[in-house]
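The next block holds one structure in the form of structure tokens; read it before the comments.
Please read all numbers here as calculations on a predicted model, not as lab measurements. Values below: all heavy atoms of this structure, side chains included; hydrogens, waters and symmetry mates excluded.
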Amino acid sequence: MKYRLVVAVILLPLAVAALAWQGNAVATRSYLDEASAQANTALRLAVAALDGHLNRYQALPALIADHDDIQELATRPRDRRLREAVNAYLKDINALLNSSDIYVITPDGDTIAASNYDGPTSFVGQNFSYRPYFQEALQGQQSRFYALGTTSLKRGYYFGSPIRVGEDIRGVIVFKVDIESIEASWQGGEYKIFVSDPEGIIFMSGTPEWLYASVLPLTPERLTRTETSRRYANATLRALPMTPGRLTDHDLITIATGDTSREYLLLSHYMADADWTVNVLTDTASVRTQALTTVIAALLLLCLTGLAAAILWQRRARLNERISMQAEAQAELERRVDERTADLARVNVQIEEEVAERRQTEQQLRRTQADLIQAGKLAGLGQMSAALSHEFNQPLAAAKTYADSAALLIERGRAEEASDNIRRISGLVDRMAAISRHLRNFARKPNEKLGPVLIEDVVRDTMEIVAVRLKAAAAEIDIDLGDVPLVVRAGSVRLQQVLVNVISNAADAVEGLDDRRIRLRARSEGDKVVLAISDRGPGVPAAIAERIFDPFFSTKGVGKGLGLGLSISYNIVKDFGGSLIATNLAEGGAEFRIELPVADDLGQEAAE
């Protein structure tokens, strides 16, 4: 018996140690999986915010390059009057678009006009021939580049476009976009987010001390490529003090800061268009603490079970020591219970702190969702910019013709006919102003208040915006709002965004078909108003019917959408207290049914 007791005393600690090690590994993997899933959501939101911010400006350089004054200045770069006019124009456009800088470069790399021409860091007279965005645009490409400005010493993302006069490239126009506003939103959050370039150098970071540090070895080849393009001007490049690691399927890195170091879970996403890698770091300290707490709790339970077994064994082995052993066991049990109670109290405090942090994260996610709604609207406006340019150019050309004709008629004394031409010009101006007004109202951010909204007004404003898209698809829309005015409780701008998204999707579905009719019906059903938009397109495939309202899910090709339109629309309608449902029609095609609560009071204005 003594031999067996000695063996048990030797083997028991080894068994407990092995069990603790294995249990800690299993618990750590489980908590890492959970932390990875949460960090992946933050990573996707960061990538979507960056992508949406850059896409707002992608098509603008090519549009501005077609401006008459820009092309005239590229042809006659020494004309002082033209320079002054273009400088003022670029300054106004820069303020309107809220970009960082806009400037014009001649084929030899000299800047001849800039939006900051009157500022202390004016680009006028600077030579940027060494920049890759200039070299690519001069070859006829639409270029993109990110760097630290050598003149302004401000970081930005550059869009370049060639200025074509006939078949010749006479210069390059460049948009510089500020990205520090997005970077500021990353500071102080639960996650550490940074963006690195192809050479591994950190270009954006919510942790300022990590800027211009490299996560890859700074080899001579990497330094040479970076210095050739002067991407970071005179900034000092250095290696980030980090040590990579891996646990099961998760990438880990340990970053040293002074005399301390912290371990992080690393998730990355490569943005092909921008040639960036977005990285999200999650501190693993809480994960390891949770795993250790779980293992300790299990070991305590195991110890209590072993103690009970030992007591039973002692009762059978030594009857004379039964009372004393029970007293000692009771004392030991009470001590362990006290320790366990203290541990549980500490764990409860930690859980309350984590709940508070997660609530804060949820609020941040809601704010990010509102920003994505705005980004979706602006991305839609960006996609329509070329067509809108054509829509404005037609009345402008007609107005020019009417004005020239009116001048001739006045010279010949035919005042009545000249007056008719002037009235026609006024009508064209009113048309362009109406289009501009609706686009401006559509682009601005709404607040959260709701109120009564007249369906007829929302549909009318929506048609002003989607008219260009319908015309491009050669689609016809049949609208029936009934005989009685319908009023719903909603926000007019956000409801308008829902209708723009759904009608634009319907135009995409019928484009190229024989039957390109779209129907919009509005009816009152009890305490709800139902808006039904249907088309005769291919309908919604059964395989994806349950996923079409998911964020970032899209059936369109690459570059034709972020996959956010229907997701944003679904959440907007849900915020109104309504529902958005997609079904296939028996005769073919799809129908999107929007149900909204009725509002009786028309006297109170909608908050949007």
Return yes if some donor-acceptor pair links the side-chain N/O of [X] with the main-chain N/O of [Y] below 3.5 Å, else return no.
| X | Y | value |
| --- | --- | --- |
| Asp515 | Arg517 | yes |
| Arg412 | Leu409 | no |
| Asn584 | Gly539 | no |
| Arg521 | Asp478 | yes |
| Asn87 | Arg83 | yes |
| Ser143 | Tyr133 | yes |
| Tyr57 | Leu97 | yes |
| Arg494 | Val573 | no |

Distance check, rounded to the nearest 0.5 Å: [X] atom [atom1] versus [Y] atom [atom2]?
| X | Y | atom1 | atom2 | result |
| --- | --- | --- | --- | --- |
| Asn501 | Leu580 | CG | CG | 10.0 Å |
| Leu60 | Ile102 | CG | CD1 | 8.0 Å |
| Leu82 | Thr75 | CG | OG1 | 9.0 Å |
| Asn94 | Ser115 | CG | OG | 4.0 Å |

Next on the checklist: Is the distance from the ring center of Phe123 to that of Tyr103 below 6.0 Å?
Outcome noted: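 Between Phe123 and Tyr103, the centre distance is under 6.0 Å.
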Checklist entry - Do Trp276 and Tyr270 have ring centres separated by under 6.0 Å? => result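 No: the rings miss the under 6.0 Å criterion.
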Quick check: do [X] and [Y] have side-chain heavy atoms less than 4.5 Å from each other?
| X | Y | result |
| --- | --- | --- |
| Leu531 | Glu595 | no |
| Val488 | Leu495 | yes |
| Asn40 | Val280 | no |
| Asp178 | Ser99 | no |

Next on the checklist: If the test is side chain to side chain contact (heavy atoms under 4.5 Å, CB included), which one of Leu486, Ile594, Val487 qualifies with Val529?
Outcome noted: Leu486
Next on the checklist: Please identify which of these residues, Val458, Val453, Val459, meets the side chain to side chain contact (heavy atoms under 4.5 Å, CB included) condition with Ile455.
Outcome noted: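 Single pass found, and it is Val459.
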Item to check | Non-neighbouring partners of Phe159 that pass ring-ring contact (aromatic ring centres under 6.0 Å, His included), sequence neighbours left out | outcome: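 ring-ring contact (aromatic ring centres under 6.0 Å, His included) check on Phe159 returns Tyr157.
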Item to check | Any donor-acceptor N or O pair under 3.5 Å, side chains Gln142, Ser161 | outcome: yes
Should we count [atom1] of [X] as having more than 12 external heavy atoms under 6.0 Å?
| X | atom1 | result |
| --- | --- | --- |
| Tyr570 | OH | no |
| Gln141 | CD | yes |
| Glu587 | CD | yes |
| Glu511 | CD | yes |

Check [Y] with [X], please: is the shortest side-chain N to carboxylate O separation under 4.0 Å?
| X | Y | answer |
| --- | --- | --- |
| Arg519 | Asp535 | no |
| Arg593 | Glu591 | no |
| Asp66 | Arg164 | no |
| Glu72 | Arg170 | no |

Item to check | Listed partners of Glu84 passing side chain to side chain donor-acceptor pair (under 3.5 Å), at least two apart | outcome: none
Item to check | The single option from Asn116, Asp101, Asp118 passing side-chain hydrogen bond (donor to acceptor under 3.5 Å, both in side chains) against Lys91 | outcome: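 For Lys91, the side-chain hydrogen bond (donor to acceptor under 3.5 Å, both in side chains) test succeeds with only one of Asn116, Asp101, Asp118, which is Asp118.
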